[in-house]
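So that the names make sense, note that chain A is the first sequence line, chain B the second, and so on, each numbered from 1.
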Amino acid sequence: MSALQHPPGRPPIYGLMAEFNSVTDLIAACRSIHDAGYTRVDAFTPYPSEEVAEALGHHRSKLPGIVLAGGLLGGIGGYLLQYWTSVIVYPMNIGGRPFHSWPAFIVPTFECTILGAALSAVLGMFFLNGLPQPYHPVFNVPRFALASRDRYFLVVEAQDPKFDPQATRQFLFDLHASEVSDVAH
Amino acid sequence: MATLDDPGFAAALQKPYRPPIVAPGHTTASVTDQISAVVLQRTPKWWFFGFAGAFSLLMVFLVSVTWLFAKGVGVWGINWPIGWGFDIINFVWWIGIGHAGTLISAILLLLRQEWRTSINRFAEAMTLFAVACAGMYPVLHLGRPWLAYWLFPYPNTMNLWPQFRSPLIWDVFAVSTYATVSALFWYVGLVPDLATLRDRSRNRVAQIIYGFGAMGWRGSAAHWHNYETAYVLLAGLATPLVLSVHTVVSFDFAIGIIPGWHATIFPPYFVAGAIYAGFAMVLTLAIPLRALFNLEDFITTRHLQNMGKVMLATGLIVVYGYMSELFFAWYSGNVYEMFMAWNRVFGPYRWHWYTLLLCNAVVPQFLWLRRVRTSPLWLFVISIFVSVGMWLERFIIIVTSLHRDFLPASWGLYHGTIWDIGTFVGTIGLFLTLFFLFIRFLPAISIFEMRTIVPGSHGGEYSEVPE
Amino acid sequence: MNPKKANPMDSVNAKGKCEAAGVRPPEPARLDLAEVRERLRAKRGPEFWRSLDELAATPAFQDLLHREFPRHASEWTDGVSRRRFLQLASASLALAGLTGCTKQPVEKIIPYVRQPEQLIPGRPLYFATALTLGGYATGVLAESHQGRPTKIEGNPDHPASLGATDVFTQAAVLTLYDPERSQTILRAGRQGGTWGGFVGEAGATLRALQAINGRGLRLLTGAVTSPTLAAQIADLLRRFPEARWHRWEPAGRHQSAAAAARAFGRPLETRYDFTRARVIVTLGADVLCEGPEGVRYSRDFADGRRVRGDRQEMSRVYAVESVPSHSATVADHRLQLTPPQVEAFTLALAQRLGAAPSGGPVVSDATAVRWLEAVAQDLEQNRGASLVIAGEYASPAAQVLVHAVNQALGNVGSTVYHLEPLEADPVDHVASLRELVRDLNAGQVELLLMLDGVNPVYTAPADFGFAQALQAAQKNTVLVHHGLFDDETSEYCHWHIPAAHELESWSDARAFDGTVSLIQPLIDPLYGGKTSHEVLAALSNQPDVTSYDVVRQFWSTRLTAGGAFEAAWREALLKGLIPGTAASPTPAALAGGAVEQAAGEILAALGRVEQGQITLLFRPDPAIWDGRFASNAWLQELPKPIVKLTWDNALILSPKTAERLNVSFHETVEVSAGGRKVDAAVWILPGVAEDTALLTLGYGRKRAGKGTGQGFNAYALRTSNALWSLPAVQVRGTGGRYELACTQNHHLIRGDEVNEDALATEAAAERHVIRTGTLAELRHDRDFIQKEREKPAADDSMYPNYKYPGHAWGMAIDLNVCTGCSACVVACQSENNIPVVGKQQVLAGREMHWLRIDRYFAGDLDAPQIHHQPLPCMHCETAPCEVVCPVAATAHSDEGLNDMVYNRCVGTRYCSNNCPYKVRRFNFLRYSDKDTPVLALVNNPDVTVRMRGVMEKCTYCVQRIEQAKIESKVEHKPIAANQVQTACQQVCPTRAIVFGDINDPQWDVTRWKADPLNYGLLEEINTRPRTTYLAKLRNPNPLLEPAEGAEHGHA
Amino acid sequence: MQIFHRSTNTVAKVSIFGSIFFLAFFGWVYSTLLRSSYVTGQYVVKKQPVPFSHDHHVRGLGIDCRYCHTSVEKSSFAGIPPTETCMNCHRQIWTNADLLEPVRASYRDGLPLQWTRIHDLPDFVYFNHSVHIAKGIGCATCHGRVDKMPLMFQDASLQMEWCLSCHRDPVKNVRPRQEIFNMSWQPPADPQQAKALQARLAKEYDIHSLTSCSTCHR
């Protein structure tokens, strides 16, 4: 799921943010809220945590596919460039070597492959994460600054079909949230 | 990310001769605060002195390069038959140094060596800056540096393209790829920490700058999910890359037909040498750094020890390389090869060769002793020796091979000039300048990765999985 | 510094620089770094920079520079303005490229007003003329591009050339343009003298002398063979009966003349015919590529040595000598003796052949005795077809004996013949000069006219004290000097008249065989020089007569061979010589008693010799002769054959002697004899006899343009009774150091040099660089050279071979006849605009010669064999250089040339590193001089002038190839066999180099390459060189070298 | 707390995406600049001492190229006429036209006219007129319709790619030798005939593609 999409009909708030003291609480909360059928939920941790992701039902990332494509593109492109320039555009007798000296062309091909793959890995990652996105509603909650230190947060968007200001808030408290606050747009 | 996979391993950590990789008593909060403090607190005095020194060396570089451009490469000591001197020696030396960074951040990551966590950040920075220095020389060493762009494939009115059979073109591709990938890897690693700094800093400007770099990172589960994948993939790509780069550099020589260059052992031997030199440099930087910023909690003797071990191992490979070169020469029965070997040991540059053996083969043997491995001072001294030794190795390979090649009538001799030295010292200045800026304005230790390894934190997949 | 005069050659030394700027050199003020800092302190901004420039221009600073940083001195020579420096600073800050797209500057194009007929713009013209050395002419064809001579070729119709030339002739064009030449008439050393002024003053003096029949009028010239000039002088002497004409040719044939006078009663000139000689013995003589007949001799000699295909005959050559000579490097046997021993051997040989009265065992040494017998037998078996040569350097007595020997062997008339003196009014130069000095001191000289660059102050025998004599005479004598340079002599003179270069002059001269050659100008005098003819005419009150009038007028009465003068004159000009003017041999009978007296003299001399005494030999310098070419940078930078020194001479010693004297390379010594002394730096050369030292003439000059201050003055020790050999000299180390620039090994490894010679010799041997063998071996097995080393098969590669269907250019070099004369090196430099880099850069190991001649020793370093190996680019078919070039700046042409594209080169130097032959040259600094406009004129317009930072190398003279191809296409006819000649091939006196299309059996090169002696250098590394070598053969005497024991293979 | 304004999201994304287009645009500008007449000097009329009109002399008076460019068939250099050549006619006609004063002055004082070079190859390029003519390449092929140039200018870019375009496939520019100096010659309109003619000429004149470096660079 991506934070890119914005609601058509605009609810009063962006959503509710629950704060947890430990990652275990957060994981538990994620599981329950996911089981409870909430779909527009996101969790925030100071460091990567696979369970959180699993608990929210994130599974395989699309990235590997993108990287493979990028790598192939780079490699093939690199080889074709060399073939085209040294066999078609301006073939020259270089030290009696044939125009198509494929063994020599391997090295640049390899490097191009890596370059293509690496670039697509990074750009792909940013793209999938919808970055750059300097502005985001969650930053409106002052305590959210602790998300990059030692606090764990869970946000339920108002967009969520099952969202209900009171019920959801209560539900979050039931999940041992130390605190629940509104997230302004 | 790696930490204690199994209790046995964890227990092993507690054994006295294996100091922990993080001092006890740290929490995600304390790590975060202490490391980000380094950046956010007021600049310590010593930093200004250090930076001033580095910057003045950088000016030496500027002057040397200007004189070089004004007059031509003739200001250096090169001649025929010795067409390459300090320029390519330094190039190979710097590139080699770079390798440790990538190795630590990528290969050790894949090998789940969690102790890498606290050193990978500045090791990567070191890589980046070393590659920047190295990258200068291919341009500087040109007779007509203003035409350096001819080495890149671009459409032009001459209908001419690079000559892809030349190892120098391979270098262009390898080094530029290496630089790019290292930069990406480094930046990707930085993003969450930039977010941390963004959130920690109270200064508007800092907030904006770090916030800009953080791209709005907010540590959402979805982000981390793709992030982890990307990070591991990058590591997976950087690993073959780093091995390829020094292999390609070694092709500069191995492809040549000059006795002393034309050797099949070069690729592995160069890669090992690169890691050797790289770890030496990491130690040279890490030891003062941890002292100055009181980071002993994070860069513990355990790290120093491990790096010492790696140096010992790679050092032995390198020495094996020297020996096998001599052996091949003798075994080949080829007059040119045999003479080359003889000339290294007894020729006019014999003293360089002996010093090389002292620095790279003899001194590192002390690393067999734990007392040495655990003593920062000793390690620092040894790593300096190794850096010198590795520089000499390149000198031997380039100069002694060229100065007496096939035809006795075209033998020559090479001495560096003040401008050779100026350029070399200058790039050291560039390196240090960049490094000082780095440690001042960016977290020298990866904060978010440290969070994952502080005891008690439930870092990713390693927190106990409930049945 | 002064960018205007920035000039690579000026970098040689400070004085040279400021002289170039037209300033008298003050004694360079001392200056040290502290003082420099002092001067620069307080200066800021622009004036800082200006003062820096001024400072850099001062000789003191230059001295400092050379003292403190000799290496970097040459970096100062091209100017960098402040603005430029800042630009670069900013550029280097950003490491930014200086320019992306190159924009052509606006150029002017300037047509003639009236175009000369027979001139086609863009095509060169060739004029037949002649250049002289020591008065004797060599016929040449001068190439002229739109009126500027750029290249000298030999004149195939001329007996002294046959199409080839020597180094001096090749370098003549550079002297022509030399900005160091004197450019204005000097009055009392100051500018502002005028031709009119001179004519007036001289005329007045002459009128005064008229009354007393010209007593006190003296003329001093070098050797004169020019009929016209002789006639003018004769005419002058007729008008002034009391006038005297003195002669001084520093490197003339004085002892030969004396010997001839003793042997035949008159100073006959001796000539040799090598074509008929089957056995040749040289006794300390160097007959090949030395002196005006060397070129012709080399050709004839080589023809007698060339073994090709079915012709398996070659002459046998014995060389007995003290210092290695060209002829010895191609001899079959070389016997190394001290100078006195050589004389002794000569006497003994004469005795053994019954040409001299026997008496006293003169030769005791075992080897020498064995030699004596072997040589004598060989000579006796070849009566009439043998040749014994003593040459100028042997004592007159020894030469008399050799005359007798040749007579006894019946060689006179077949291999040896004598000519009546070709010099006009022959005199004994030494006596003639002595007389002049005497009269100068006696104050009996009113007007002394020194013509045509004669420079006695520098060259006169030391015992004459010529300088003092001139000084004394200055008060009451009018001293006039006429020459190309404002030199040591002109410094003392009231008048200095710039001379016109021979390429600017009308004149004539006789060749070694007497053939009269016409000299015609290719260009008006660049620096307003006057010819000797014009000066003499002026003294005959015809100041405005041109030398053209004089020469033409002289011949108008004599040159009526074909009846009509015009036709004959035109034909002579076209040919460059006047047919049928060769002198015919003259019979000569030995004067009675001459031989006995000579033998006695030698015995007496031998009696005086003490063990361990060092004999100092003087020889003309192989690069700058007697010093007259000192300002010619091509010759200064030419590695001297055998020694391989540039820019300096040195006291050359044998390894043993040096060891005994405890001196080594670059160390300074004091050489003294008879109260005279000279400081010199030592060079150790294997092949020099023990107790022998060699110091060549022409160096240590005070006023010689670029030659100023280089080397050590041999004339200071050379006395009238020891012109070529000075016995019993003291050599004492002075502990100083003087860096000598050698192009082979010896790159300043202190202490290790001798070892390096040994090392190089050993390495060369085990690498089979030079393949040698004997004629016997060849007769026994035609392919023994091929078997010496296994070579890779033609298809020994993982890649398919390239096909070269059209032309395929290749070269073959015959080591058997290469004498190492180095004419090819200078020819290449002239043809291909190769820059001169200066001594400091040579020291740094950066000389630029595309074609170098490698010198190798073989065998025992105390008496080694010496081999020469000319090394151009090999144009390898699997060129290692091309593969490593990142920008394809060097690639193969479809005719198999290894092209080098300067304008594509970015200067990685990788190609040079990867070249196993190290034939590539790099412009480390800005070597091509683009700031001295006149030097641009010497450039060959068909070859790019290279810029700083690009690689260059031998191209097989691709401009000539392309020209030939274009002509053949325009004229719709194929290129004829042997039509394309490279510059080195064309100039080679021995025809050791041949070039051409190896696909076409019609070309010589194809035949040469098919020869069993043909081998490729380093062919085992499979570079497939297009340049190959023919192995060097020897024809040893079985008595001296039993065939079975002949160690063959590598030298 | 919130550091950036909402809009920055869009700005950031757009600028990253836009940079690709910017680079592409920059590349396009660079390559056009390289081929612009500013760099090549193409179509630029330069100031000359005398405004000589090829249009008038060639088309108007029908003077053959070789009357002035005498060495074009014999030498690398086509030759710029000596003042004499101009005076051959201008001794009789336009004898006192002010325009021609420089020519008369030159002839009077023996000082050459200084023309500004129009076709100026770099010094490291060696072009030879005679061989191109011998191989049946017409003047107009490289110099354009000089007979329609009142003032002379450079018609082709003279860049290496331009030289190569013909050296790689010379046949397409061959014409019969007798037509070389004919400015208005055109190959047969019908492509088949044109092909056939060129093929025949290429064979007859023995024309090959020459792309070795040393063909032009020495």
query: Based on non-hydrogen pairs under 4.5 Å, which of D:Ser76, D:Pro112, D:Ser214 is most in contact with chain C?
result: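 So the answer, after comparing D:Ser76, D:Pro112, D:Ser214, is D:Ser214.
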
query: With chain C, which of D:Cys86, D:Gly110, D:Gly79 has the greatest number of heavy-atom pairs at distances under 4.5 Å?
result: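 Of the options given, most contacts go to D:Gly110.
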
Atom [atom1] in [X], atom [atom2] in [Y]: separation rounded to 0.5 Å?
X	Y	atom1	atom2	value
C:His972	D:Asp206	NE2	CG	11.0 Å
D:Thr70	C:Ile120	OG1	CD1	8.5 Å
D:His129	C:Ile966	NE2	CD1	12.0 Å
C:Glu967	D:Asn128	CD	CG	9.5 Å
D:His217	C:Thr955	NE2	OG1	14.5 Å
D:Ile207	C:Lys969	CD1	NZ	10.0 Å

query: Of the backbone (N, CA, C, O) and the side chain (C-beta and beyond), which part of C:Glu962 lies under 4.5 Å from a heavy atom of chain D, both, or neither?
result: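 Contact with chain D involves the side chain of C:Glu962 alone.
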
Which bit of [X] comes within less than 4.5 Å of chain C, counting heavy atoms only: side chain, backbone, both or neither?
X	result
D:Ile118	neither
D:Lys46	neither
D:Arg177	side chain

query: Between the side chain of C:Tyr902 and the main-chain N/O of D:Arg218, is any donor-acceptor distance below 3.5 Å?
result: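 Between the backbone of D:Arg218 and the side chain of C:Tyr902 there is no qualifying donor-acceptor contact (under 3.5 Å).
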
- prompt: Any sub-3.5 Å donor-acceptor pair from D:Tyr126's side-chain atoms to C:Val943's backbone N or O?
  reply: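 Indeed, once roles are kept as given, a pair shorter than 3.5 Å links the two residues.
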
Please check if atom [atom1] in [X] has more than 12 non-hydrogen atoms from other residues, nucleotides or ligands closer than 6.0 Å.
X	atom1	result
C:Lys973	NZ	yes
D:Asp98	CG	no
D:Lys47	NZ	no

Would you say that [X] contacts [Y] through its side chain, given a criterion of any heavy-atom pair below 4.5 Å between the two side chains?
X	Y	result
D:Phe77	C:Ile109	yes
D:Ser212	C:Asp899	yes
C:Pro111	D:Thr83	no

Between C:Pro121, C:Ala891, C:Gly122, the one whose heavy-atom pairs under 4.5 Å with chain D are most numerous: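 Among the listed options, the one with the most contacts to chain D is C:Pro121.
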
task: For each of C:Asp942, C:Ile961, C:Val945, tally heavy-atom pairs with chain D at distances under 4.5 Å, and name the one with the top tally.
output: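 If we count pairs closer than 4.5 Å to chain D, C:Asp942 comes out on top.
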
C:Val970 to D:Ala134 - nearest heavy-atom pair and separation: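 Shortest heavy-atom separation between C:Val970 and D:Ala134 comes out as CA-CB, 3.8 Å.
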
